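Worksheet: the structure to be examined is printed underneath.
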Amino acid sequence: MVKFFYPESLSEALDIKNSKKVLPLAGGTDLMVRYENWSSLPADFPSSVMTIGHLKELQFVTEEKGYLCIGGGVTLNQLLNDSRIPRSLALSLDEIAAPALRNLATLAGNIQNASPAADSLPPLIVANASLRLISKNGSRKMTVRDFVTGPGKTSLNENELIESVRIPLDFIRSEEKGHLIYRKVGTRKANALSKLSACFWVLKDRGVIKDIRMSLGAVAAVVVRLEESEEKLTGLKSGELLSAWKDVRGDYEKAVRPIDDQRSTAVYRKRTALKLMDAFIQEASED
């Protein structure tokens, strides 16, 4: 029988997580869809559920030791009203569902759902964002990229919760100086899940590529970002970028391995993803 737990504090929530198999539920906008049941019947959860979105200890956005730290209970609309978040993340959150749902959905939940099409993942991975995971026994840090291991799969241990998402302040400051592109390709603009999403960013200094980052969502089991390939483009002059891209593009062609599903075909996803990258490199090559 499924039980619902409503802890009064984070400490109590961690005690429950340590002793029972429970699904953490903040907004529930992903969990309720994943485990939906026939109309008028309760969701068919595989285990008991513990609500955590109300916990005050998870309601914060603070700057700490070089990071913007976003609590696990902070909703998407709260973040959209916070001018400190990176523009790439704001653009992605603004494309998720309807405003009413964004009052419930949390950034931590969007990450923990571990969908290859999760809109927040490409900008967070471009930003080299990390997570602070907590349990009754302590805490540990892990990059968002390493946290998501496959569709619906993460590195979260049974007794852990996402305490916060941590975005480097250095990246947030640098992002404003660079050239940013965020694209979500969907059936329509509002309330549509992504066919694919992309986040590209380049920072130049006097016509030289100082930093370049590219990530693609919904084109493989996890978000695609190839740092070794990015390094091959870093340090080049703008005019050299198109020529170098011809050698690097093949790395992405191999890494982009989408599937057919109800939202799109693999052929469309791959072709569109590579065209978006070609267009970005063209723009980045222009002084």
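Just so you know, residue 1 is the first one in the sequence shown, and it goes up from there. Not measured: the values here are computed from a predicted model.
Side-chain contact between Leu233 and Val248: present, with at least one pair of heavy atoms (C-beta onward) separated by less than 4.5 Å. Residues Glu63 and Leu169 meet the side-chain proximity criterion, which asks for heavy atoms closer than 4.5 Å. Contact check for Leu161 versus Leu133: no side-chain heavy atoms found under the 4.5 Å cut-off. The side-chain heavy atoms of Lys21 and Glu158, taken from C-beta on, include a pair separated by under 4.5 Å. Counting heavy atoms from C-beta on, the side chains of Asn157 and Arg140 come closer than 4.5 Å. Side-chain contact between Lys275 and Phe280 is absent, with no heavy atoms from C-beta onward closer than 4.5 Å.
By the criterion of side-chain heavy atoms lying less than 4.5 angstrom apart, applied directly or through intervening Ile, Leu, Val, Met, Phe, Trp or Tyr residues, Phe60 is not grouped with Ile70; the two fall into different hydrophobic clusters. The cluster map of Ile, Leu, Val, Met, Phe, Trp and Tyr, joined by side-chain heavy atoms under 4.5 Å apart, puts Leu104 and Leu79 in different clusters. When the side chains of ILVMFWY residues are joined at heavy-atom separations under 4.5 Å, either directly or via intervening members, Leu58 and Ile85 end up in two distinct hydrophobic clusters. Linking ILVMFWY residues whenever their side-chain heavy atoms come closer than 4.5 Å, directly or via other members, places Ile172 and Ile111 in the same cluster. No continuous path of ILVMFWY side-chain contacts below 4.5 Å connects Val49 to Val22, so the two sit in separate hydrophobic clusters.
The nearest pair of heavy atoms linking Ala127 to Pro168 is O-CD, 3.3 Å. Summarising the geometry of Gly73 relative to Gln59, their closest heavy-atom pair is O-NE2, 2.7 Å, with the distance given to 0.1 Å. Nearest approach of Arg225 to Ser215, heavy atoms of both residues: CB-CB, 4.3 Å. The shortest non-hydrogen separation linking Gly72 to Ala108 is O-CB, 3.6 Å. The two residues Ile167 and Pro86 come nearest to each other via the heavy atoms CD1-CD, 4.0 Å. Minimum heavy-atom separation, Arg84 to Leu68: O-CD2, 3.5 Å.
A side-chain donor-acceptor contact under 3.5 Å links His54 to the backbone of Pro7. Between the side chain of Asn110 and the backbone N or O of Ala105 there is no donor-acceptor pair closer than 3.5 Å. A donor-acceptor pair under 3.5 Å links the side-chain atoms of Arg102 to the main chain of Ile96, judged by distance alone. A distance-only check finds a donor-acceptor pair linking the side chain of Ser92 to the backbone of Leu89 [under 3.5 Å]. Using a distance-only test at 3.5 Å, with no hydrogens or angles considered, a donor-acceptor pair links the side chain of Lys195 to the main chain of Arg263. Panel note: side chain Glu240, backbone Lys237; a donor-acceptor pair is recorded below 3.5 Å. A donor-acceptor pair is defined here as one N or O able to donate and one able to accept, closer than 3.5 Å; such a pair exists between the side chain of Ser285 and the backbone of Gln282.
The structure places CG of Asn159 at 13.5 Å from CD1 of Ile16, a figure rounded to the nearest 0.5 Å. Rounding to the nearest 0.5 Å places CZ of Arg132 at 4.0 Å from OG of Ser139. Distance CG/Leu80 to CG/Asn103: 10.0 Å, rounded to 0.5 Å. From Leu10, atom CG reaches atom NZ of Lys17 across 12.5 Å, with rounding to the nearest 0.5 Å. If you take OG1 on Thr154 and CZ on Phe147, they are separated by 4.0 Å, rounding to the nearest 0.5 Å. In this structure, the separation between CG on Leu76 and CD on Glu95 is 12.5 Å, given to the nearest 0.5 Å.
When only modelled atom types and interatomic distance are considered, Thr75 and Gln78 share a side-chain donor-acceptor pair under 3.5 Å. A side-chain donor-acceptor contact under 3.5 Å links Glu175 and Ser88. A donor-acceptor pair shorter than 3.5 Å cannot be found between the side chains of Thr265 and Asp260.
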- Under the salt bridge (charged side-chain N to carboxylate O under 4.0 Å, His left out) criterion, do Lys184 and Asp119 qualify, and how do the steps go? CA-CA 8 Å; Lys184 172 178 176 174; Asp119 291 311; 3.3 Å; yes
Which is it for Leu236 and Val208 under the side chain to side chain contact (heavy atoms under 4.5 Å, CB included) test, yes or no, and what are the steps along the way? CA-CA 6 Å; Leu236 298 176; Val208 175; over 6 Å; no
Exercise for review: Let me see the working for Val165 and Leu124 under side chain to side chain contact (heavy atoms under 4.5 Å, CB included), right down to the final yes or no.
Suggested key: CA-CA 9 Å; Val165 183; Leu124 288 174; 4.3 Å; yes
Could you go step by step and tell me if Arg213 and Glu227 meet the salt bridge (charged side-chain N to carboxylate O under 4.0 Å, His left out) rule?
-> CA-CA 8 Å; Arg213 307 181 189 186; Glu227 289 176 291; over 6 Å; no
**Message:** Evaluate Ile162 against Gln112 for side chain to side chain contact (heavy atoms under 4.5 Å, CB included), listing each step before the verdict.
**Reply:** CA-CA 8 Å; Ile162 296 177; Gln112 188 167 338; 3.7 Å; yes
Passes ring-ring contact (aromatic ring centres under 6.0 Å, His included), Trp245 versus Tyr252? Steps please.
CA-CA 10 Å; Trp245 175 241; Tyr252 289 91; 5.5 Å; yes
Practice task
Applying side chain to side chain contact (heavy atoms under 4.5 Å, CB included), run through Leu131 and Arg166 and close with a yes or a no.
Solution key: CA-CA 6 Å; Leu131 302 172; Arg166 306 164 76 85; over 6 Å; no
- Please report the C-alpha distance between Asp211 and Lys204 in whole Å, then the side-chain angles of each, then the deciding distance to 0.1 Å, and finally whether the salt bridge (charged side-chain N to carboxylate O under 4.0 Å, His left out) criterion is met. CA-CA 7 Å; Asp211 199 346; Lys204 291 194 283 189; over 6 Å; no
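Of the charged side-chain nitrogens involved, none lies within less than 4.0 Å of a carboxylate oxygen, so that Glu253 and Lys270 do not count as a salt-bridged pair. With respect to the salt-bridge test (charged N to carboxylate O, under 4.0 angstrom), the residues Arg87 and Asp94 do not qualify. With respect to the salt-bridge test (charged N to carboxylate O, under 4.0 angstrom), the residues Asp15 and Lys136 qualify. Asp170 has a carboxylate O that lies under 4.0 Å from a charged side-chain N of Arg173, or vice versa, which qualifies the two as a salt bridge.
For the side chain to side chain contact (heavy atoms under 4.5 Å, CB included) with Leu276, the qualifying choice from Leu216, Ile281, Val185, Ile181 is Val185, the only one to do so.
Heavy atoms from other residues, nucleotides or ligands lying under 6.0 Å from CZ of Arg271 number 12 at most. Other residues, nucleotides and ligands place more than 12 heavy atoms under 6.0 Å from the CD atom of Glu286. Summarising the local packing, CZ of Arg257 is surrounded by 12 or fewer heavy atoms from other residues, nucleotides or ligands at distances under 6.0 Å.
Ring pair His179/Phe200: centre-to-centre distance not below 6.0 Å.
Applying the under-4.5 Å side-chain rule to Ile, Leu, Val, Met, Phe, Trp and Tyr, the cluster around Leu180 extends to Leu91, Val126, Phe171, Tyr182, Trp201, Leu203.
In this view, Thr234 and Ile212 satisfy the side chain to side chain contact (heavy atoms under 4.5 Å, CB included) rule, not counting sequence neighbours.
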